[in-house]
Amino acid sequence: MRMSRSILNDRIIKIIRQVPEGRVATYGQIAVYAGNRGAARQVSWVLHSSSDKENLPWHRIVNSSGRISLKPQRGYELQKSLLQAEGVFFDEDDRIDLEKYGWNPL
DNA sequence: TTACTGACCTTTT
DNA sequence: AAAAAGGCCAGTA
């Protein structure tokens with residue numbers, strides 16, 4: 001039985017909203033907390049389709065290697081500057097230390 | 001209904 | 001370390 005679309009999407013949105021300032025979460029992490037382990041791709045779709053409409057902190061979502069998934073000239077620079085403005089540090093390989101900045105819900 | 005797509009992930013080369 | 005392969009999900013044509 002497949003899950004109704006609005007439930008999964010609403011959960012994804014709700015969880016993204018919980019990521020605090022100065023922290024980041026991965027797509028897969030969001031998917032797991034939304035109750036669907038393999039829905040990482042859906043997370044990206046939700047962000048793409050309604051990050052603006054739902055007023056989501058889209059910039060706090062990065063991929064599992066701690067890097068920004070957006071391509072240069074396609075939002076990458078904006079996301080990076082938004083994160084840096086929140087105090088997130090990027091190392092020389094342009095990576096974020098997930099152990100330190102990764103969101104760990106309580 | 002099938003085929004393709006996207007801001008992905010994990011395992012295996 | 002880096003790249004390829006296979007998997008997974010829902011929306012759109």
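Chain letters run A, B, ... following the sequence lines, proteins first, then strands; residues in each count from 1.
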Side chain [X], main chain [Y], donor-acceptor under 3.5 Å:
X: A:Thr26; Y: A:Gln29; result: yes
X: A:Arg37; Y: A:Val32; result: no
X: A:Ser51; Y: A:His48; result: no

From B:dA7, C:dC8, C:dG11, nucleotide with atom closest to A:Arg41 side chain: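 Of all the options, the side chain of A:Arg41 is nearest to C:dC8.
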To the side chain of A:Ala40, which of B:dC8, C:dA10, B:dA7 is closest?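 Side chain of A:Ala40 sits closest to B:dC8.
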Report yes if a side-chain nitrogen or oxygen of [X] is closer than 4.0 Å to either non-bridging phosphate oxygen (OP1 or OP2) of [N]; otherwise report no.
X: A:Ser64; N: B:dC9; value: yes
X: A:His48; N: B:dG6; value: no
X: A:Ser69; N: B:dC8; value: yes

Distance check needed: [N] [atom2] versus [X] [atom1], whole Å only.
X: A:Lys80; N: B:dA7; atom1: NZ; atom2: C1'; value: 16 Å
X: A:Gln42; N: C:dG7; atom1: CD; atom2: C1'; value: 15 Å
X: A:Asn63; N: C:dC8; atom1: CG; atom2: P; value: 20 Å
X: A:Leu70; N: B:dG6; atom1: CG; atom2: P; value: 13 Å
X: A:Tyr76; N: B:dA7; atom1: OH; atom2: P; value: 17 Å
X: A:Ile30; N: C:dA10; atom1: CD1; atom2: C1'; value: 17 Å
X: A:Ile68; N: B:dG6; atom1: CD1; atom2: P; value: 20 Å
X: A:Gln29; N: B:dT10; atom1: CD; atom2: P; value: 11 Å

Residue matched to C:dG6 through Watson-Crick or wobble contacts both under 3.5 angstrom: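 Partner of C:dG6: B:dC9.
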Apply side chain to side chain contact (heavy atoms under 4.5 Å, CB included) to the pair A:Phe90 and A:Ile68, showing each step before the final yes or no. CA-CA 10 Å; A:Phe90 287 78; A:Ile68 290 175; 3.9 Å; yes
Using a 6.0 Å cut-off, check whether atom CG of A:Asp52 has over 12 heavy atoms from anything other than its own residue.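 Not buried by this count: 12 neighbours or fewer within 6.0 Å.
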Under-3.5 Å donor-acceptor pair between A:Tyr27 side chain and B:dA7 base: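 Looking at the base of B:dA7, it does pair with a donor or acceptor on the side chain of A:Tyr27 (distance under 3.5 Å).
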Rounding to the closest angstrom, what is the interatomic distance between C:dG6 and B:dA7 at atom P?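 Here C:dG6 and B:dA7 have their P atoms 23 Å from each other.
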